[in-house]
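This chain uses plain numbering: 1 for the first residue, then up along the sequence. Start at 1 and go down the list; that is how both ligands and their atoms are numbered. Any value given below was found using the heavy atoms of this structure, including those in side chains, with hydrogens, waters and symmetry copies removed.
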Amino acid sequence: MLENVVQLKCCVKHDPWGKKGKDSLAGHLWAQTPGSTGIVDSETYSEMWMGTYPSVPARLLSTGETLENYLKRKPELVGGSIKERFRTSLPFLPKILSFDKALPLQIHPDKRLAEQLNLTHPDQFADPNHKPEIAVALSNFELFAGFKPLTDIEWLMQIKPLDQFVPAHATFDDELLRKICKILLQLPPETVAETITQLLTLPEAHFGKQRYIPGLLDRLRKQYSESDNGTLVAVLLMNYITLGPGEAVCVPTDSIHAYLRGDILECMARSDNILATGFCPRPTRNNVEIFARALSFKPHNPEEAILGRKKTDKGELGRTDEYAPPFSEFNVLATILGAGEEEKHRPIEGPSIVVVTKGNGEMAVAGKKKFDLHEGAVFYVGGNVPVEFSTQRGMAVYRPYAE
Ligand SMILES: [Zn+2]
């Protein structure tokens with residue numbers, strides 16, 4: 001057995017906002033693993049996790065051993081200075097998500113707050129790490145990310161009945177925005193419902209360039225009842241963004257976001273810490289005070305949320321793009337091949353995960369051993385291994401890595 005390239009068997013989650021049955025890409029990819037139990041039409045398939053996080057661990061297909069344990073036994077397969085720098089073999093956690101309903105309105109706390117929460121509430125915050133993340137669209141992708149520009153929010157909040165939620169005689173700056181966000185999150189259910197109903201009586205034109213507002217309010221109240229505070233925060237204060245396949249967003253630590261519809265590849269620092277205050281049952285919501293205090297104001301317009309991709313010399317034949325967010329835990333390579341095309345990846349110093357999201361082909365390792373690739377095939381590839389991809393009919397391969 002080649003030790004530095006191993007095929008993985010991943011787990012899938014069934015959150016209620018996941019797409020159902022065969023409509024879910026996460027479910028479809030998960031179900032292609034040899035030995036999988038297959039898709040049930042009535043079941044939701046929300047997330048397939050491809051990392052070493054203990055609650056949803058990936059395992060070696062051949063033996064069932066967790067990847068975490070395997071890399072602990074064979075630290076030489078990780079490569080680079082990863083272990084010293086991140087105190088873990090795989091510093092990132094890749095996932096495939098499929099959803100047609102809003103995910104919880106959330107932020108991921110920074111390291112300082114995560115350490116505190118992990119210490120005081122280890123049951124809810126299972127690790128002391130931060131969780132900056134990126135999301136690459138695999139289909140059309142709708143989301144809320146970051147706050148709108150202050151001028152847009154200020155203009156909107158003058159409209160009745162919203163004006164009552166703006167503290168009087170204050171300068172309209174980020175600190176005021178923090179207060180407004182907190183006020184909206186703390187409104188009693190009846191007030192939320194009343195406000196949404198009143199806004200829906202206004203004509204679209206009343207909202208100026210934000211005329212999408214009534215449509216989104218109506219959509220979200222149907223998903224999460226009329227009294228979910230998340231609806232007001234997302235639609236009134238946050239950037240509503242639509243992306244096509246291949247486009248991506250970057251969500252730094254403490255940045256507010258709520259994904260709305262799509263199939264995405266998500267990659268994040270190895271953490272599962274989340275503070276959620278909307279689009280989830282009231283009893284499970286986190287403390288609004290802590291949430292509001294932690295909020296950052298980046299991004300502060302839709303353009304700032306976008307993560308660009310660029311060609312990288314990691315792909316020797318020029319068919320590889322790279323998403324490089326401004327954090328050190330990972331970058332993501334995307335190799336999208338047409339029929340009959342191939343690509344060679346230069347050796348990467350650290351660990352990586354290879355996942356095929358579309359099509360099929362082959363992966364040759366170090367010019368020798370060949371692996372069949374098909375939709376849903378997931379591999380761990382260790383440090384310093386050159387790999388080559390080839391396909392007869394076309395194939396999309398994503399490869400998050402650290403080095
Ligand atoms: Zn998130």
(request) Show your reasoning for whether ring-ring contact (aromatic ring centres under 6.0 Å, His included) applies to His257 and Phe144. (result) CA-CA 5 Å; His257 57 293; Phe144 298 98; over 10 Å; no
(request) Please determine if Asp254 and Lys298 form a salt bridge, counting it only when a charged side-chain N lies under 4.0 Å from a carboxylate O. (result) no
(message) Quick check for you: with the Zn ion (ligand 1) as the vertex, what angle do NE2 of His257 and NE2 of His108 span, to 10°?
(response)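 If I round to 10°, I get 100°.
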(message) I'd like to know: is the Zn ion (ligand 1) within the 2.8 Å range of an N/O/S atom from Tyr259, strictly under that distance?
(response) no
(request) Kindly confirm whether the Zn ion (ligand 1) is within less than 2.8 Å of some N/O/S atom in Glu266? (result) no
Check: residues 189-202 side-chain donor-acceptor pairs under 3.5 Å, at least two apart:
| residue | atom | partner | partner atom | Å |
| --- | --- | --- | --- | --- |
| Thr195 | OG1 | Thr191 | O | 2.6 |
| Thr197 | OG1 | Ala193 | O | 2.7 |
| Thr201 | OG1 | Gln198 | O | 2.5 |

Return all side-chain donor-acceptor pairs below 3.5 angstrom for residues 385-401, not counting sequence neighbours, or 'none' if the list is empty.
| residue | atom | partner | partner atom | Å |
| --- | --- | --- | --- | --- |
| Thr391 | OG1 | Asn360 | O | 2.7 |
| Thr391 | OG1 | Arg393 | N | 3.2 |
| Thr391 | OG1 | Gly394 | N | 2.8 |
| Thr391 | OG1 | Gly394 | O | 3.2 |
| Arg399 | NE | Ser352 | OG | 3.0 |
| Arg399 | NH1 | His345 | ND1 | 3.0 |
| Arg399 | NH2 | Ser352 | OG | 3.1 |
| Tyr401 | OH | Glu322 | OE2 | 2.3 |

